[in-house]
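Beneath this line is the structure, given in structure tokens, with notes to follow.
Atoms considered below: every heavy atom in the structure, side chains included; atoms not considered: hydrogens, waters and symmetry mates. Order of the sequence lines sets the chain letters (A, B, ...), proteins ahead of strands, with each chain counted from 1. None of the values given here were measured: they were computed from a predicted structure.
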There are 2 protein chains.
Amino acid sequence: MKFEAATIKDIAIALGLSTSTVSRALRDSHEISIATKQLVLEYATRINYHPNPIALSLKEKRSRSIGVIVAEIANSFFSQAINGIESVAKDKGYNVMISQTHESFDKEVMTLQYLASRSIDGLLISVSSGTENLDHLKALHERGFPIVFFDRIVEEIQTHKVMVDNFRGAYDATLHLINKGYKHIAVIAGPENLSISRERIAGYREALAHTRVKPGKALIKYSRYAGLQLQEVEQAVSQLLKLRPRPDAIFTASDKLTTNCMRVLKSKGIRIPQDIALVGFSNSDLIELLHPPLTVVRQPAFEMGQIATQLLLQLIESKKPVKEFERKILNTNLIIQASS
Amino acid sequence: MKFEAATIKDIAIALGLSTSTVSRALRDSHEISIATKQLVLEYATRINYHPNPIALSLKEKRSRSIGVIVAEIANSFFSQAINGIESVAKDKGYNVMISQTHESFDKEVMTLQYLASRSIDGLLISVSSGTENLDHLKALHERGFPIVFFDRIVEEIQTHKVMVDNFRGAYDATLHLINKGYKHIAVIAGPENLSISRERIAGYREALAHTRVKPGKALIKYSRYAGLQLQEVEQAVSQLLKLRPRPDAIFTASDKLTTNCMRVLKSKGIRIPQDIALVGFSNSDLIELLHPPLTVVRQPAFEMGQIATQLLLQLIESKKPVKEFERKILNTNLIIQASS
DNA sequence: GTGTCATTCTAACACGTATGAAAAACGTCT
DNA sequence: AGACGTTTTTCATACGTGTTAGAATGACAC
């Protein structure tokens with residue numbers, strides 16, 4: 001199955017010109033007479049000529065496409081972020097190549113190598129929950145390859161970063177629970193190596209620091225796969241339920257954790273919020289239809305995607321090496337509903 | 001910001017060979033002595049040589065990437081399908097480029113032109129709800145460009161198609177409502193020009209044909225943007241509520257329609273299923289957490305993505321023009337919960 | 001008739017890779 | 001040594017585009 005497109009050569013032969021003249025005419029060079037320009041342009045549109053992007057890429061050493069690595073497309077936060085990424089990228093004539101890690105470190109390394117070998121011009125990445133070793137990213141970064149982190153950032157690598165105020169989001173959510181009169185507030189977060197987990201737990205801690213009840217270590221649970229696997233959430237919840245005094249509220253620190261925690265509580269016949277209140281990070285657009293409607297910390301995912309992409313394109317198109325890097329911090333939004 | 005990779009030329013110069021020798025050595029040609037092969041291979045791995053995929057694409061006239069066009073990534077069905085697409089594509093060394101139409105015909109045409117001009121090797125598409133004119137697809141198809149339709153297919157174009165048994169899915173759902181004793185069952189579907197809308201309404205009609213109550217035209221509502229816009233769903237529901245006798249059940253024929261219909265009913269203070277029962281197509285993984293848990297028709301989205309991709313790659317890699325086309329029809333799954 | 005300049009076009013090459021054809025290099029046989 | 005065959009390497013070219021340098025043409029002035 002082949003599919004032939006018109007080339008500059010076809011035009012040249014058809015009009016009895018050289019390819020370079022045609023090329024120049026199409027690029028509206030001043031060294032071509034208006035008459036020939038018109039001739040070429042007319043014929044080109046007539047046969048629906050489009051310059052071959054691959055040949056262009058080879059010539060210009062840039063592919064005009066960027067890579068995106070996220071944990072899961074089928075996650076409201078990421079799909080909304082990708083929406084933002086795509087809107088900016090397409091607007092600037094860039095293509096988007098998406099890869100998923102499913103929270104696996106190995107997949108992240110493989111997918112990164114794959115994308116890098118496919119000659120993308122830059123990378124947007126929200127690292128997987130399994131990422132502890134950063135060699136693969138550092139190697140790329142040191143070769144001057146443009147990278148922008150969003151959401152789950154990596155502090156050790158100096159480049160643009162876009163995230164929300166995770167500390168504040170977690171602080172607000174926890175404070176909300178405190179104000180509602182909950183005394184024993186537990187937290188389930190992603191793995192400790194993720195920046196967002198640490199920051200959100202810090203916010204949770206800070207909010208509790210003002211109360212008389214200091215949070216015991218037993219109230220803080222980490223989840224290896226950021227809640228992707230129901231089983232690990234079940235285990236964390238079970239452990240929390242065995243504590244005395246039993247927690248009367250849970251704060252979940254990521255999208256999948258929140259919905260899966262709700263699933264587990266329901267399956268155990270625990271009523272929300274009568275038995276245990278639930279507040280969590282989530283970008284699902286179904287939260288108000290849930291039973292009960294969930295109080296959530298919402299992130300401006302679309303906007304994050306847009307900003308991250310703008311920064312990346314800026315990095316790619318910069319002539320001189322960029323030394324000053326931005327660290328954009330957006331605000332979260334606490335949506336209070338019946339679950340707390 | 002540039003980023004230089006090693007080329008075959010670098011190796012040739014370093015070893016005092018010609019580029020063609022190096023090229024042949026790397027491809028393990030029999031006409032190269034074992035000694036030089038070893039020499040080249042060793043040096044290549046040492047400097048971490050990877051062939052430039054763009055140069056390869058130019059040479060071989062294939063980019064090893066496929067395009068995907070869907071309405072919305074942030075839609076459970078599509079994100080699951082993309083998951084399936086990505087798994088097969090990556091496995092076969094193909095890249096995936098995703099574009100969204102947001103149910104707009106203009107965006108579909110633009111995005112199609114864009115992808116086609118980016119020299120993708122083939123296209124997977126689930127047409128937008130606004131698609132009435134097929135010229136853009138026909139033009140591409142007639143030039144022999146590989147296309148596979150999934151989910152929202154187009155009958156007029158002869159190529160591989162992957163879908164579910166929409167008729168049966170709708171029939172089962174409607175029959176379920178009938179068996180539960182509902183008498184006045186309304187339906188809200190996507191626009192009439194979409195194959196899935198027509199088939200699902202036909203299934204609904206067939207189920208009702210066995211009952212005494214024939215469905216009046218007033219019970220059948222179409223939604224221009226397949227439920228993407230809340231407003232149009234609100235309008236459809238309002239009209240249904242004015243009918244006498246008032247419908248006691250609604251069947252919604254697509255993902256967004258289902259959740260948005262639920263949203264509208266809730267906002268109007270209508271209880272599900274006491275006042276009106278609700279059953280719909282949906283692939284959301286939160287349905288059992290909703291209030292009430294929704295009875296849904298679920299599609300094997302991941303599998304659809306996989307199969308469609310396999311067929312597309314088969315089409316792309318076929319030497320001779322394919323004349324026999326497959327029409328894969330998968331089964332839906334009715335998940336019965338409290339909403340009906 | 002010649003020199004200067006501006007205009008308009010072309011030839012040749014580059015990007016990185018692969019390949020058919022030609023040419024070396026080498027060994028073997030007469 | 002010459003003819004021949006086999007193995008190994010190089011040359012030339014192509015893919016489609018853009019660009020540097022140079023060539024052809026004509027106009028004008030001297």
Side-chain angles (χ1 to χ4, degrees), chain A residues 1-41 43-45 47-65 93 116-121, chain B residues 1-41 43-45 47-65 93 116-121:
Chain A
M1 285 274 50
K2 245 187 279 177
F3 166 72
E4 324 273 346
T7 79
I8 224 171
K9 204 171 172 180
D10 299 333
I11 302 180
I13 294 171
L15 301 182
L17 293 169
S18 80
T19 56
S20 34
T21 306
V22 176
S23 171
R24 281 201 168 85
L26 291 170
R27 313 204 85 228
D28 201 26
S29 161
H30 65 277
E31 12 182 4
I32 301 296
S33 72
I34 304 170
T36 29
K37 261 186 205 170
Q38 189 115 26
L39 188 71
V40 170
L41 241 68
Y43 187 75
T45 51
I47 64 167
N48 193 29
Y49 168 80
H50 284 285
N52 181 330
I54 293 185
L56 265 167
S57 294
L58 181 59
K59 185 107 218 332
E60 298 180 357
K61 297 194 176 184
R62 50 149 45 195
S63 59
R64 285 201 161 268
S65 62
S117 80
R118 295 289 298 200
S119 48
I120 51 173
D121 294 343
Chain B
M1 285 275 50
K2 245 186 278 177
F3 167 73
E4 324 273 346
T7 78
I8 225 171
K9 204 172 174 181
D10 299 332
I11 302 179
I13 294 172
L15 301 182
L17 292 169
S18 78
T19 57
S20 32
T21 307
V22 176
S23 170
R24 285 197 165 90
L26 291 170
R27 313 205 87 229
D28 201 27
S29 162
H30 65 277
E31 21 182 0
I32 300 294
S33 72
I34 304 170
T36 30
K37 258 187 208 171
Q38 189 115 27
L39 188 71
V40 170
L41 242 66
Y43 187 75
T45 50
I47 65 167
N48 193 29
Y49 168 82
H50 284 284
N52 180 329
I54 293 185
L56 266 167
S57 295
L58 181 60
K59 185 99 186 92
E60 297 180 356
K61 296 193 178 188
R62 51 155 35 203
S63 59
R64 285 202 163 268
S65 62
S117 81
R118 295 288 299 199
S119 49
I120 51 173
D121 294 343

Could you go through nucleotides 4-7 of chain D and list every protein N or O atom that sits under 3.5 Å from one of its N or O atoms, giving the distance for each pair?
none

Self-check item: Option among A/Thr21, A/Leu26, A/Ile32 that satisfies the side-chain contact (heavy atoms from CB on, under 4.5 Å) test with A/Val40
Solution: A/Leu26
Quiz item: Is A/Arg62 side chain donor-acceptor paired with the D/dG18 base, going by distance under 3.5 Å alone?
Solution: no
Do any N or O atoms of the protein come closer than 3.5 Å to N or O atoms of nucleotides 25-28 of chain C, and which pairs are they?
none

Quiz item: Is there side-chain contact between A/Glu31 and A/Ser29, with heavy atoms separated by less than 4.5 Å?
Solution: yes
Quiz item: Nearest nucleotide by nearest heavy atom, which residue falls closer to the 5' end of DNA chain C, A/His30 or B/Leu26?
Solution: A/His30
Quiz item: Hey, which of these two, A/Thr7 or B/Lys37, hits DNA chain D nearer its 5' end, going by closest nucleotide?
Solution: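 First, find each residue's nearest nucleotide; the 5'-ward one identifies B/Lys37.
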Quiz item: If we fit an axis to the first five pairs and another to the last five of the helix from C/dG1-D/dC30 to C/dT30-D/dA1, what angle do they make, to the nearest 10°?
Solution: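 That helix gives 90° between its end axes.
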Exercise. Check the surroundings of atom CD in B/Gln38: do more than 12 heavy atoms from other residues, nucleotides or ligands lie under 6.0 Å from it?
Key: no
Quiz item: About how many Å separate CD1 of B/Ile54 and CZ of A/Arg62, when rounded to the nearest 0.5 Å?
Solution: 11.0 Å
Which part of the nucleic acid, if any, lies within contact of [X], taking any heavy atom under 4.0 Å across all strands shown: a base, the sugar-phosphate backbone alone, or nothing?
{"X": "A/Arg27", "value": "sugar-phosphate"}
{"X": "A/Leu58", "value": "base"}
{"X": "B/Thr36", "value": "sugar-phosphate"}

Quiz item: Could you walk me through whether A/Leu15 and A/Leu39 pass the side-chain contact (heavy atoms from CB on, under 4.5 Å) check?
Solution: CA-CA 8 Å; A/Leu15 301 182; A/Leu39 188 71; 4.1 Å; yes
Quiz prompt | Presence of A/Lys9 side-chain N/O under 4.0 Å of D/dA14 phosphate oxygens OP1/OP2 | solution = no
For residues 6-14 of chain A, please give each side-chain donor-acceptor pair under 3.5 Å, one per line with the distance, not counting sequence neighbours.
residue : atom : partner : partner atom : Å
A/Thr7  : OG1  : A/Lys9  : N            : 3.0
A/Thr7  : OG1  : A/Asp10 : N            : 3.3
A/Asp10 : OD2  : A/Thr7  : N            : 2.9

Practice problem: Check the distance between C/dG16's P and B/Asp10's CG and give it to me in whole angstrom. | Solution: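 About 8 Å, once rounded to whole Å.
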Quiz item: Given atom CG of A/Leu39 and atom C1' of C/dC9, what is their separation to the nearest angstrom?
Solution: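 Taking CG of A/Leu39 and C1' of C/dC9, I get 14 Å after rounding.
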Quiz item: Taking only residues two or more places apart in sequence, or in another chain, which ones meet A/Ser20 in a side-chain hydrogen bond (donor to acceptor under 3.5 Å, both in side chains)?
Solution: A/Ser18
Quiz item: Between C/dT10, D/dT17, D/dC15, which nucleotide has the shortest distance from any of its atoms to the side chain of A/Arg24?
Solution: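 Given the options C/dT10, D/dT17, D/dC15, the side chain of A/Arg24 is closest to C/dT10.
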Quiz item: Hey, can you pull the residues of residues 11-23 of chain B with a non-hydrogen atom under 4.0 angstrom from DNA chain C?
Solution: B/Ser20, B/Ser23
